[in-house]
Structures are given as C-alpha cells and as structure tokens.
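Worth saying up front: this structure is predicted, and the values here are computed from it rather than measured.
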Amino acid sequence: QVQLVESGGGSALPGGSLRLSCVASGVTYASESFMAWFRQAPGKEREGVAVIYTGDNGAVYADSVLGRFKISRDKAKATLYLQMDKLKPEDTAMYYCASDTSGRLASPWERLRSPAMFNYWGQGTQVTVSS
C-alpha cells in the first residue's frame, strides 16, 4: 500500500521561505512515476503547484510559482521536496503531496492541471503566509 506523509508546513512572513517534505512508502518508487504538489485554499479549487517525473527529474510549475518554488526528490530517502522561496500571502493553502503510478499517457503539464490523475495523496500540510 502506498503511503505519503507531508511535513514542513507552518507560518512564514511574506518574502520568507519554507521547505516541504513528503516521505513515500509502498510502491511509489517501485517503477517510474509522476509525483506532484497541489494546494487548496478555502473556497478555491485544488491547484497544481509542481509536477516531477521520477524517470529524469524533469519538472513543470504553475505560472504563479515559477521562479519561486522548486520541486525535487531524493530517491535514496524516498522523499519529495518543495522548496518555497519569496513566499506571498496568496501562497497560503493546504499543500498536498500526490503520486500517479498508473503509467497513463499524459504529459506533466496535463497532470499539473488534473488532480484526478493522481491516485495517492498525503494528508496535507498547512502553509500560512502573513505579516
């Protein structure tokens, strides 16, 4: 059974930084797959933040975070990361780690726009950015 556990959320000042982690267990790294970070603020749709392909570590980002956030992974530790810099109040949301092990024929960009493509989810970690 796949399990994803996020950590690293908390409060930050505008312009500050946070680093989120997602420890994966089960079959997540049994084969090449896609992993992602999504976020959801109250009253808003779940939004793709970043997607990474574990085969080559290629990544795509939402325009709203491009240049500020970076997704990465440590295969040996079975851990996915999201480094968030230059945080803005609009980054405030619950952040979720997700995994797609289906092997479906879709690009990272398609996955960024389609949370339904991901079959495993973490419990979420709250990020709050305010002065």
| task | Please test Val127 against Thr92 for side chain to side chain contact (heavy atoms under 4.5 Å, CB included), starting from the C-alpha separation and ending with a verdict. | result | CA-CA 5 Å; Val127 171; Thr92 296; 5.8 Å; no
| When clusters are formed by joining ILVMFWY residues with side-chain heavy atoms under 4.5 Å apart, either directly or through shared neighbours, do Tyr81 and Val65 land in the same one? | no
| Val49 and Leu66: same hydrophobic cluster, using ILVMFWY side-chain contacts below 4.5 Å? | yes
| Partner residues of Glu6 under the salt bridge (Lys or Arg N to Asp or Glu O under 4.0 Å) criterion, sequence neighbours left out | none
| field | Pairs involving residues 72-118, ordered by first then second residue, that meet disulfide bond (SG atoms under 2.5 Å apart) (sequence neighbours left out) | value | Cys22-Cys97
| message | Can you list everything that forms a side-chain contact (heavy atoms from CB on, under 4.5 Å) with Arg113? Sequence neighbours excluded, please. | response | none
| query | Would a hydrophobic clustering, with Ile, Leu, Val, Met, Phe, Trp and Tyr connected at side-chain separations under 4.5 Å, put Leu4 with Leu82? | reply | yes
| Results of ring pair (Phe, Tyr, Trp, His ring centres under 6.0 Å) for Phe118 - residues two or more places apart only | Phe38
| Passes side-chain hydrogen bond (donor to acceptor under 3.5 Å, both in side chains), Ser33 versus Asp100? Steps please. | CA-CA 6 Å; Ser33 63; Asp100 175 14; over 6 Å; no
| note | All heavy atoms of Met94 vs all of Gly124, minimum pair found to be SD-C, 3.7 Å
| task | Can you tell me which residue pairs pass the disulfide bond (SG atoms under 2.5 Å apart) test with a partner in residues 100-131, sequence neighbours excluded? | result | none
| Qualifying salt bridge (Lys or Arg N to Asp or Glu O under 4.0 Å) pairs with a residue from residues 120-130, counting only residues at least two apart or across chains | none
| What residues, two or more places apart in sequence or in another chain, satisfy side-chain contact (heavy atoms from CB on, under 4.5 Å) together with Lys88? | Arg68, Glu90, Asp91
| query | Under the 3.5 angstrom rule, does the side chain of Tyr61 hit a backbone N or O of Ile71 as a donor-acceptor pair? | reply | yes
| Inter-residue atom distance Arg73.CZ - Ser21.OG, 0.5 Å rounding | 15.0 Å
| For Ser99, which of Phe34, Tyr120, Trp121 qualifies under side-chain contact (heavy atoms from CB on, under 4.5 Å)? | Tyr120
| message | Within the structure provided, determine whether Met84 and Leu20 are in side-chain contact (heavy-atom separation under 4.5 Å). | response | yes
| query | Ala106: what forms a side-chain contact (heavy atoms from CB on, under 4.5 Å) with it, not counting sequence neighbours? | reply | Arg104, Glu110, Arg111, Met117
| task | Look up atom OG1 in Thr125 and atom CH2 in Trp37, then write down how far apart they are to the nearest 0.5 Å. | result | 7.5 Å
| message | Which residues pass the side-chain contact (heavy atoms from CB on, under 4.5 Å) test with Val23, not counting sequence neighbours? | response | Thr79
| request: Can you see which heavy atom on Gln126 is nearest to which on Ala93, and at what distance? | output: NE2-O, 3.3 Å
| Short side-chain donor-acceptor distance under 3.5 Å, Asn57 and Ser72 | no
Would you be so kind as to tabulate the donor-acceptor pairs closer than 3.5 Å made by side chains of residues 9-19, with sequence neighbours excluded?
from  : atom 1 : to    : atom 2 : distance (Å)
Ser17 : OG     : Asp85 : OD1    : 2.7

| task | Using side chain to side chain donor-acceptor pair (under 3.5 Å) as the criterion, list what pairs up with Tyr96, not counting sequence neighbours. | result | none
